[in-house]
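Keep in mind that what you see is a predicted model, and the values were worked out from it rather than measured. Letters A, B, ... are given to chains in the order of the sequence lines, protein chains preceding strands, and every chain is numbered from 1.
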Number of protein chains: 2
Amino acid sequence: MAPRTARLSAQDWTRGALDLLMAEGVAALQINRLCADLGVTRGSFYWHFADLTELEAAVAERWCEETRERLDQLAELDRLPPRERLRIMTLHLIDDASWSVERALREWARSTPQVAAVVGESDQHVFELVERAIVELGHDPTVARTRAGLLVYAGIGFAHGQSTLPKPTEADVDQLLDFLAEPAS
Amino acid sequence: MAPRTARLSAQDWTRGALDLLMAEGVAALQINRLCADLGVTRGSFYWHFADLTELEAAVAERWCEETRERLDQLAELDRLPPRERLRIMTLHLIDDASWSVERALREWARSTPQVAAVVGESDQHVFELVERAIVELGHDPTVARTRAGLLVYAGIGFAHGQSTLPKPTEADVDQLLDFLAEPAS
DNA sequence: ACCTGAACACCGTTCAAGT
DNA sequence: ACCTGAACACCGTTCAAGT
């Protein structure tokens, strides 16, 4: 994978942490565990980071960058009609396994403000993309704001309830988007 | 408060745990902390519970009961028109501070299946209340299912994103409910 | 039946010492 | 500049012993 130099960089640690996080969830993100993966002892970690919290912030930052890229790629579908854009984003959310990381991030966000800032930024970004698409659909700003809020919050809720609630099918999504696209009465 | 007997019951522990949880969040729920509150030593805890996990499950159970009661009270507004019922439930969600506990519960749910079951049950309950209200509004079951899902997921999302996203005003809620009540095209 | 207190394992954190 | 290894504090857990 990465060039296997004898010594590690901070980058190597955040990379390893993100991998661990995605593979085994937030509970596995421990210093001992990481050290084992990287073939190094505990003390080494503290040369690169002041704290577990600092590592988490770095991981969050990195995750945010990667997420932003992914989102921008999606938004690059700028030439696609807005309806199609929403469809792709929504379906992406539903079957993507990436919310296991997102859930972990939101957990951290509660205890460490740095992570909260990063998550908030990401939410804001998604919200704007969705809002813009709905405006392009021909709605005035007030309506767009409400409906975008509804959809984005529902997305967060879906990612968070690994719940017993029914998982929407593709047909459900189409029906839902028809609904969101409807002209205001 | 409670009758101050010398010896404690399991009930006293769950009560104390829930209080601690609401007051100081999930991070404060430690055995040492609880023991200090209850004026007792660590070992005592293990006479009542096998595990921290078992305590958490008990707390979750109790929270679920209390939540169910609250929900049933809300649903007892059965004689109110469905639209009004939805309005009350939604507003209740928005300004209620009780989701700090709910968030904690969902965090646990990820690591302990017992808690997950309890949270799932609660979600299901809310979903059914909302779905029924939308059916009463005159929609057929398919439409009701989609829209109820949207609203409930949005509710979960709202409770979870302590986010930078705009918090809906009362006017927003009315607009939103107008929207959800709209006849299908 | 309910609790104490000592003991242990595990994990985050520090730091002097090595290369 | 990057890492080791020993040490410490803290927390969950066990258990023999007390009342």
Side-chain angles (χ1 to χ4, degrees), chain A residues 1-21 23-60 104-105 107-115, chain B residues 1-21 23-60 104-105 107-115:
Chain A
M1 318 270 158
R4 268 263 145 263
T5 54
R7 303 288 164 104
L8 300 172
S9 69
Q11 290 260 348
D12 294 325
W13 285 93
T14 53
R15 180 71 266 153
L18 237 189
D19 289 347
L20 223 188
L21 190 63
E24 308 191 25
V26 64
L29 195 51
Q30 304 171 138
I31 297 180
N32 279 330
R33 195 58 176 58
L34 252 179
C35 288
D37 283 6
L38 296 175
V40 102
T41 61
R42 259 196 267 77
S44 157
F45 170 82
Y46 287 92
W47 193 88
H48 296 282
F49 299 93
D51 231 71
L52 233 198
T53 305
E54 201 175 292
L55 205 221
E56 289 170 358
V59 170
L105 264 290
E107 263 178 67
W108 290 350
R110 215 149 293 137
S111 50
T112 100
Q114 306 201 49
V115 179
Chain B
M1 316 269 163
R4 268 264 145 261
T5 54
R7 303 289 164 105
L8 301 172
S9 68
Q11 290 260 348
D12 294 326
W13 285 92
T14 53
R15 183 70 263 154
L18 236 189
D19 289 347
L20 223 188
L21 189 64
E24 306 191 28
V26 65
L29 195 53
Q30 305 170 136
I31 297 181
N32 279 332
R33 196 57 177 58
L34 253 178
C35 288
D37 284 6
L38 296 175
V40 100
T41 61
R42 261 196 268 76
S44 157
F45 170 82
Y46 287 93
W47 194 88
H48 296 282
F49 299 94
D51 230 68
L52 234 199
T53 306
E54 199 175 294
L55 205 221
E56 290 171 358
V59 170
L105 264 288
E107 262 178 67
W108 290 347
R110 215 150 295 137
S111 49
T112 98
Q114 307 200 49
V115 178

[N] [atom2] sits how many Å from [X] [atom1], rounded?
X: L29(B); N: dG12(D); atom1: CG; atom2: P; result: 9 Å
X: E56(B); N: dG12(D); atom1: CD; atom2: C1'; result: 12 Å
X: R33(B); N: dC10(D); atom1: CZ; atom2: C1'; result: 15 Å
X: N32(B); N: dC10(C); atom1: CG; atom2: C1'; result: 15 Å
X: W13(B); N: dC2(C); atom1: CH2; atom2: C1'; result: 11 Å
X: W47(A); N: dT14(C); atom1: CH2; atom2: P; result: 16 Å
X: L52(A); N: dC10(D); atom1: CG; atom2: P; result: 17 Å

Among [options], which nucleotide has an atom closest to any side-chain atom of [X]?
X: I31(B); options: dC3(D), dG12(D), dG5(C); result: dG12(D)
X: D51(B); options: dC3(D), dT4(C), dT13(D); result: dT13(D)
X: T41(A); options: dC2(C), dA6(D), dT4(D); result: dT4(D)
X: Q30(A); options: dC3(D), dC11(C), dG5(C); result: dC11(C)

(request) Test side chain to side chain contact (heavy atoms under 4.5 Å, CB included) on D19(A) and D37(A) and set out the steps. (result) CA-CA 10 Å; D19(A) 289 347; D37(A) 283 6; over 6 Å; no
(message) Please determine whether the number of non-hydrogen atoms from other residues, nucleotides or ligands lying under 6.0 Å from atom CD of Q11(A) exceeds 12.
(response)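 No - once you tally the heavy atoms of other residues, nucleotides and ligands closer than 6.0 Å, there are 12 at most.
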(message) Checking I31(B) against F49(B) for the side chain to side chain contact (heavy atoms under 4.5 Å, CB included) test, could you report, in this order, the C-alpha distance in whole Å, the side-chain angles of both residues, the deciding distance, and whether it holds?
(response) CA-CA 11 Å; I31(B) 297 181; F49(B) 299 94; over 6 Å; no
(message) Taking pairing as Watson-Crick or G-U wobble with both contacts under 3.5 Å, can you name the mate of dC10(D), or confirm there isn't one?
(response)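 Base partner found: none.
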(request) Please give the nucleotide sitting opposite dG5(D) as a Watson-Crick or G-U wobble pair, both distances under 3.5 Å, or none. (result)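 Result: dC15(C).
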(request) Look at the side-chain N and O atoms of H48(B) and state whether any lies under 4.0 Å from the OP1 or OP2 oxygen of dA1(C). (result) no
Could you go over nucleotides 15-19 of chain C and give all protein N or O partners under 3.5 Å, atom names and distances?
none

(message) Going by side chain to side chain contact (heavy atoms under 4.5 Å, CB included), L34(A) matches just one of V40(A), L52(A), L29(A). Which one?
(response) L29(A)
(message) Can you tell me how far apart CZ (R42(B)) and CD (Q30(B)) are? Round to the nearest 0.5 Å.
(response)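 If we round to the nearest 0.5 Å, R42(B):CZ and Q30(B):CD are 11.0 Å apart.
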(request) Scan Y46(A), W47(A), F45(A) and name whichever one has a ring-ring contact (aromatic ring centres under 6.0 Å, His included) with W13(A). (result)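 It is F45(A); the other options fail the test.
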(request) Show your reasoning for whether side chain to side chain contact (heavy atoms under 4.5 Å, CB included) applies to T41(A) and C35(A). (result) CA-CA 6 Å; T41(A) 61; C35(A) 288; 5.9 Å; no
(message) Heavy atoms only, 4.0 Å cut-off, all strands: where does A50(B) land among base, sugar-phosphate and nothing?
(response) sugar-phosphate
(request) Between R42(B) and F45(A), name the one whose nearest nucleotide on DNA chain C is closer to the 5' end. (result) R42(B)
